[in-house]
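Inspection log for the structure reproduced underneath, given as structure tokens.
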Amino acid sequence: MSTRLIASVVDGGPLPEDHRLRTYTSTNPARRDEVVAEVRLADSAGFLAACRAARRAQGAWADTPAPVRGRVIAAAGRLVEANKERLAALVTREIGKPYPEALGEVQEIIDTCDFFTGEGRRLYGQTVPSEMPDKQLFTFREPVGVVAVITAGNFPVAVPSWYLVPALLCGNSVVWKPAEYAAASAQALYELFAHAGLPTGVLDIVHADGAQTFAGLESALAEGCVDKIGFTGSTEVGRRIGELAGRHLQTPCLELGGKNPMVVTADADLDLAVHGALFSGFGTAGQRCTSLGTVLVHESVHDAFLAKFVRAVEEAVIGDPTGPVLYGPLLAEHFAERFEECLGWIAPHHGVHGSTAHGRITGDRPRAGFVGDPEAGLYYHPTVVDGVRPEDRLFQEETFGPLVGVASYRSLDQAIELANAPGYGLSAAIYTRDPQAAFAFRRGVRAGMISINNSTSGAEAHLPFGGNGRSGNGSRQSGVWVLDQFTRWQSMNWDHSGRLQRAQMDTGVLEPDLGYRLP
């Protein structure tokens, strides 16, 4: 296959050479000797130049009627749909996501475009009754201005669309910095949007590393040419971005990590719970922010659940992501190094299950039923760790890899306490036949998204997505709720009485007789 040469696009053209620092090589994690793209990374000044270009373009785009902007979003959706298989194949090649999952990711973009096409005709304000005669009150949604979007590469095209689509629809211009290791997938999505009718400069893509991006963002905020930040990534980096935005009195949209719990009650359908745990724990090799962290199983069914879960994990097909597998390789080398560190948290009091070994799948540490060449890619054994305790790092920290912890509990109150203990708050699930338990869990768990008899993973384009605590700052993506991230409310009062009427001072009062009593 051919290797793509990729560079940032700012104001309709490539960045000048003096803004290019170095070249990053994006490789196929399933076949590490296969180069997918050579990516020319920009410096911080290049990121700032993109923000300046976005500022110049934003006014005219905001003046474009919202229904017309909606038609551009509709065209983007149709272009993605027409290129669905090609884009999904590129995602599989670049980040190792199994092809069926990659197809689902591309479908998420189409769904998002379909939903927001209509929002171009529904960016409603309201008329509000005044307390004064001959006076009208109105509210309007106005775009925030220039939005800087920084995204991770585990969902290299779907998650960016959650920012790009509503931000553009609302009349903002966008500077998008995707993950370097998913640059080819991001560039392909950018090209599809660029061909949908967007004016030059309204959407720019900047390829840069984290340090240069942060420095460029810092300069852009100081100069006043970024009005909103959208960030998907680690909690650690999210904190830094939140602090930076706060210094400029801005509230970013932060979608961060998760340590997502799944509670299995004594009356749960254990087979169904195992299916949910398998998908949410090991789909995308556990590299989702919504991946299952710890299964909390009632002590009366702990052994039965564990036996069924371990059997399902042992029988799962792993390997080449172009085939019918549960998961493929880890995303990139630095994720493998981080996961190796997490495996070092396994302690003597833990029971380790799920495969013929743990750690890297190699010729010396083979996986039964593996599909493909294990030496070629960043493949790891699925690992189930039983007996995790609240003080364990495996219980407290996101592992971002194919590892699921299992613990037991005695009461639902204890399960809820354990579910909240790590301090994340993205997604949580409970498997139960008892509606009272389901609603008690919903009330008690601090996650932004709750599933009943379903996995911790899975988003729909018209439902709010986001977390609390270590998982985010309460901002929400998707559905109508995300409009509040990319618009500002503006109120207007219009007094046509011909005289000054002072609110709360010149208001008419009809006196009641509050002393009246029925005879």
Side-chain angles (χ1 to χ4, degrees), residues 11-12 50-51 53-81 108-128 136-149 158-176 189-190 192-205 225-230 250-253 460-466 475-494:
D11 209 12
C51 296
R55 173 65 77 206
R56 292 192 296 270
Q58 193 269 327
W61 178 239
D63 288 340
T64 302
V68 177
R69 299 196 300 259
R71 295 307 304 162
V72 174
I73 297 303
R78 298 292 71 79
L79 281 165
V80 172
E81 190 169 39
E108 181 78 12
I109 307 168
I110 299 166
D111 294 345
T112 299
C113 289
D114 286 350
F115 180 86
F116 282 101
T117 295
E119 287 306 306
R121 296 183 181 274
R122 289 192 298 269
L123 281 177
Y124 298 145
Q126 293 178 312
T127 56
V128 183
Q136 296 296 322
L137 308 179
F138 307 88
T139 65
F140 303 87
R141 282 192 184 273
E142 290 295 314
V144 295
V146 176
V147 179
V149 173
V159 168
S161 76
W162 295 355
Y163 293 103
L164 304 185
V165 170
L168 292 168
L169 176 85
C170 290
N172 304 285
S173 55
V174 178
V175 176
W176 175 27
L189 182 64
Y190 166 81
L192 292 173
F193 271 68
H195 284 83
L198 287 173
T200 299
V202 169
L203 174 61
D204 293 332
I205 185 168
C225 55
V226 166
D227 304 290
K228 182 77 177 185
I229 305 168
Q250 290 190 23
T251 302
C253 182
E460 298 191 34
H462 49 285
L463 196 67
F465 184 100
S475 56
R476 292 295 181 264
Q477 297 169 297
S478 300
V480 295
W481 299 270
V482 75
L483 297 177
D484 286 334
Q485 296 298 315
F486 298 118
T487 56
R488 293 192 179 105
W489 282 108
Q490 183 183 65
S491 63
M492 182 180 82
N493 76 83
W494 186 343

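Hydrogens, waters and symmetry mates play no part in the numbers below; they use all other heavy atoms, side chains included.
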Going by the rule side chain to side chain donor-acceptor pair (under 3.5 Å), which residues pair with Arg122 if we only count those two or more places apart in sequence or in a different chain? Glu119

Listed partners of [X] passing side chain to side chain contact (heavy atoms under 4.5 Å, CB included), at least two apart:
| X | value |
| --- | --- |
| Ala74 | Arg71, Thr117 |
| Leu137 | Val128, Ser130, Lys135, Asn493 |
| Thr64 | Trp61, Val68, Arg69 |

Compare every heavy atom of [Y] with every heavy atom of [X], then report the nearest pair and how far apart it is.
| X | Y | answer |
| --- | --- | --- |
| Ala54 | Asp204 | N-OD2, 4.2 Å |
| Gln485 | Cys253 | OE1-CB, 3.4 Å |
| Leu123 | Ala66 | CD1-CB, 3.8 Å |
| Leu198 | Leu168 | CD1-CD1, 4.0 Å |
| Val226 | Gln250 | O-NE2, 2.8 Å |
| Pro143 | Gln58 | CG-NE2, 3.8 Å |

Qualifying salt bridge (charged side-chain N to carboxylate O under 4.0 Å, His left out) pairs with a residue from residues 475-485, counting only residues at least two apart or across chains: Arg141-Asp484

Going by salt bridge (charged side-chain N to carboxylate O under 4.0 Å, His left out), name the pairs with one or both residues in residues 162-176, residues two or more places apart or in two chains. none

Is Phe116 close to Thr112 at the side-chain level, that is, under 4.5 Å between some pair of heavy atoms?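 Touching, per the 4.5 Å side-chain cut-off.
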
Parallel, tilted or perpendicular: rings of Phe486 and Tyr163 (30°, 60°): perpendicular

Judged by modelled atom types alone, do Glu142 and Trp489 share a side-chain donor-acceptor pair under 3.5 Å? no

